[in-house]
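Side-chain atoms are counted along with the backbone in the values below, which use heavy atoms only and exclude waters and symmetry mates.
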Amino acid sequence: MSKAPTDKTPAAEAETSADAPPLAAFESSVAELESLVESLEAGDISLEQALAKFERGVTLARQCQTMLKSAELRVDQLVGQAPEERVEPFAGPVNTAD
């Protein structure tokens with residue numbers, strides 16, 4: 001009895017990992033950035049360490065900004081593919097407690 005083939009071929013794994021990393025990378029970058037900010041706010045590190053953490057934070061912030069711009073472009077492209085649909089600005093929650 002032979003095993004049924006799975007989609008775990010190197011090509012399938014590469015394709016899956018090519019789709020997953022942007023979101024995972026963004027989330028891990030944000031988590032690292034938050035950790036850096038907490039460390040800097042605590043103030044219990046040397047100036048040299050603080051500068052290194054600040055530099056890493058600037059790099060992470062720029063990477064996150066680039067990923068967000070890329071995501072925004074993708075959303076714009078997806079919305080542009082359905083011209084019959086109209087996107088309206090979000091007005092916020094409706095207050096029905098009046």
Item to check | Under the side-chain contact (heavy atoms from CB on, under 4.5 Å) test, residues paired with Ile45 that sit two or more places apart | outcome: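 Ile45 satisfies side-chain contact (heavy atoms from CB on, under 4.5 Å) with Ser39, Leu40, Gln49, Ala50, Lys53 only.
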
Checklist entry - Can you list every pair that meets salt bridge (charged side-chain N to carboxylate O under 4.0 Å, His left out) and has a residue in residues 33-49, with sequence neighbours left out? => result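 Salt bridge (charged side-chain N to carboxylate O under 4.0 Å, His left out) check on residues 33-49 returns no pairs.
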
Next on the checklist: Using modelled atom types and a 3.5 Å cut-off, is there a donor and acceptor pairing between side-chain atoms of Ser35 and backbone atoms of Ala31?
Outcome noted: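 Not at all, since once roles are kept as given, no pair shorter than 3.5 Å links the two residues.
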
Checklist entry - Taking a hydrophobic cluster as the set of Ile, Leu, Val, Met, Phe, Trp and Tyr residues connected by side-chain heavy atoms closer than 4.5 Å, whether directly or through intermediates, do Met67 and Val30 fall within one such cluster? => result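 Same cluster: Met67 reaches Val30 through Ile, Leu, Val, Met, Phe, Trp or Tyr contacts under 4.5 Å.
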
Checklist entry - For the atom pair CG (Leu73) and CG (Leu78), what is the distance rounded to the nearest 0.5 Å? => result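 Interatomic distance, Leu73 CG to Leu78 CG, rounded to 0.5 Å: 11.0 Å.
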
Side-chain donor-acceptor pairs under 3.5 Å in residues 54-64, sequence neighbours left out?
residue: Arg56; atom: NE; partner: Glu32; partner atom: OE2; Å: 2.9
residue: Arg56; atom: NH2; partner: Glu32; partner atom: OE1; Å: 3.0
residue: Arg56; atom: NH2; partner: Glu32; partner atom: OE2; Å: 3.4
residue: Thr59; atom: OG1; partner: Glu55; partner atom: O; Å: 3.2

